[in-house]
Peer 1: 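Have a look at this one.
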Amino acid sequence: MKSVKVMFHSMEEAQRFVLAIENYPFNVDLQCERRVIDAKSILGILGFGLYQMLELRVHTDDRAAMDEFHDKIRGFICGETMEVAI
């Protein structure tokens, strides 16, 4: 599992994020404090609220898919690189 910090500044930005990741076959979660949601859910993201630092967790070991995924979400990332989360 890989993780990175992301943030959304508008409803449109959250919608672009969901559209970019919705067709990936692996699970993607967002965590804010102790709450975890499916990152492919626009309602879940908006439920967290805008301008929140969220932890994005990607559940795949496919390196090629991970690189492609990372390129698609690059504009939403607040941290440096994707890290292995335990």
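Quick note: numbers below take in every heavy atom, side chains included, and nothing from hydrogens, waters or symmetry partners.
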Peer 1: For the atom pair CD (E68) and CZ (R63), what is the distance rounded to the nearest 0.5 Å?
Peer 2: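 So the gap between those two atoms works out to 13.0 Å.
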Peer 1: Indicate the atoms forming the closest heavy-atom contact of M11 with I42, along with that distance.
Peer 2: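 Between these two residues, the closest heavy atoms are O-CD1, 4.4 Å.
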Peer 1: If you measure from CG on L30 to CD on Q52, what distance do you get to the nearest 0.5 Å?
Peer 2: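 Between atom CG of L30 and atom CD of Q52 there are 11.5 Å.
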Peer 1: Shortest non-hydrogen contact from M7 to H9?
Peer 2: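 Heavy atoms only, the tightest pair is SD-NE2, 3.5 Å.
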Peer 1: Taking atom CD as the centre, does Q15 end up with more than 12 heavy-atom neighbours from other residues, nucleotides or ligands that are less than 6.0 angstrom away?
Peer 2: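 Count not over threshold, so no.
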Peer 1: Can L19 be reached from L54 by stepping across I, L, V, M, F, W or Y side chains whose heavy atoms are under 4.5 Å apart?
Peer 2: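 Looking at the clustering, L19 is in a separate group from L54.
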Peer 1: How many angstroms lie between OG1 in T60 and CE in M66, if you round to the nearest 0.5 Å?
Peer 2: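 Result: 7.5 Å between the selected atoms.
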Peer 1: So do the side chains of K5 and E55 get within less than 4.5 Å of each other, counting heavy atoms only?
Peer 2: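 They are in contact (side-chain heavy atoms under 4.5 Å apart), so the answer is yes.
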Peer 1: Going through the checks in order, is the side-chain contact (heavy atoms from CB on, under 4.5 Å) test met by H70 and R74?
Peer 2: CA-CA 6 Å; H70 187 263; R74 187 176 308 277; 3.6 Å; yes
Peer 1: Ignoring hydrogens and geometry, is there a side-chain-to-backbone donor-acceptor pair from E22 to Y24 under 3.5 Å?
Peer 2: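 Between the backbone of Y24 and the side chain of E22 there is no qualifying donor-acceptor contact (under 3.5 Å).
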Peer 1: I would like to know whether K40 and I21 meet side-chain contact (heavy atoms from CB on, under 4.5 Å); could you show each step before the answer?
Peer 2: CA-CA 7 Å; K40 297 175 184 178; I21 70 165; 4.0 Å; yes
Peer 1: Answer with yes or no whether the hydrophobic clustering places L46 together with I73; edges join I, L, V, M, F, W, Y residues whose side-chain heavy atoms lie under 4.5 Å apart.
Peer 2: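 In one cluster: yes.
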Peer 1: Minimum heavy-atom separation for M53 and C78, please, with both atom names.
Peer 2: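 Looking at all heavy atoms of both residues, the shortest contact is SD-CB, 3.8 Å.
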Peer 1: Do L50 and F48 belong to the same hydrophobic cluster, where Ile, Leu, Val, Met, Phe, Trp and Tyr are linked whenever their side-chain heavy atoms lie under 4.5 Å apart, directly or via other members?
Peer 2: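 Same cluster: L50 reaches F48 through Ile, Leu, Val, Met, Phe, Trp or Tyr contacts under 4.5 Å.
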Peer 1: Quick one: pull up CG in L56 and CD1 in I77 and give me the separation to the nearest 0.5 Å.
Peer 2: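 Rounded to the nearest 0.5 Å, the CG-CD1 separation comes to 8.0 Å.
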Peer 1: Measure up the F26 and F69 rings against each other and bin them: parallel (under 30°), tilted (30 to 60°), perpendicular (over 60°).
Peer 2: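 F26 vs F69 ring planes: perpendicular.
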Peer 1: With hydrophobic residues grouped by side-chain heavy-atom distances under 4.5 Å, do Y51 and F76 end up in a single group?
Peer 2: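 Yes, Y51 and F76 fall within the same hydrophobic cluster.
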Peer 1: Grab the two heavy atoms, one from I37 and one from I45, that are nearest each other, plus how far apart they are.
Peer 2: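 The pair with the smallest heavy-atom distance is CD1-N, 3.4 Å.
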